[in-house]
Amino acid sequence: GYLLAFVAVAVALACRLLLQEALGDRAIFLLFVPAILLASIAAGVGPALLSLTLSVPAVFLITGLQAERVQNTVELVVFLAIGLGIAGIG
């Protein structure tokens with residue numbers, strides 16, 4: 001279960017890096033939502049929370065997310081709320 005969570009986030013990160021040129025700073029968190037959903041459905045709450053926890057630093061790695069930018073802060077809060085909701089389903 002936890003290995004699946006790690007692999008799902010790694011795949012999401014790889015896909016996001018491949019699409020970085022096309023997407024730029026748009027849809028930063030979008031590809032990490034399916035990783036959380038997969039972990040939640042296949043393995044439960046714990047792995048889903050691990051996916052959520054691993055996704056946030058992955059986004060920082062991609063974009064150097066600046067917390068002082070209001071838009072990024074709002075996106076992060078929405079992503080965390082959605083991620084927690086998905087994890088709760090597991």
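Side-chain contact between Ile36 and Phe79 is present, with heavy atoms from C-beta onward closer than 4.5 Å.
Clustering ILVMFWY residues whenever any of their side-chain heavy atoms sit less than 4.5 angstrom apart, transitively, puts Phe29 in a cluster other than the one holding Val77. Hydrophobic clustering places Val78 together with Leu37 (ILVMFWY residues linked when any side-chain heavy atoms are closer than 4.5 Å, directly or through intermediates). Follow the hydrophobic side-chain contacts under 4.5 Å out from Ile41 and you reach Val45 in the same cluster.
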Side chains of residues 4-12: which donor-acceptor pairs under 3.5 Å do they make with residues two or more places apart or in other chains?
none

Which atom pairs, donor and acceptor, lie under 3.5 Å between side-chain atoms of residues 48-61 and protein residues at least two apart or in another chain?
| residue | atom | partner | partner atom | Å |
| --- | --- | --- | --- | --- |
| Ser51 | OG | Pro47 | O | 3.3 |
| Thr53 | OG1 | Leu49 | O | 2.7 |
| Ser55 | OG | Ser51 | O | 2.7 |

Which donor-acceptor pairs under 3.5 Å do side chains of residues 81-90 form with protein atoms, sequence neighbours excluded?
none

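Residues forming a side-chain contact (heavy atoms from CB on, under 4.5 Å) with Leu19 (at least two apart in sequence, or on another chain): Leu23, Leu31. When the side-chain contact (heavy atoms from CB on, under 4.5 Å) test is applied to Leu17, the partners found at least two apart in sequence or on another chain are Leu13, Ile62.
Sequence neighbours left out, the pairs with a member in residues 7-24 that pass side chain to side chain donor-acceptor pair (under 3.5 Å) are Arg16-Gln20.
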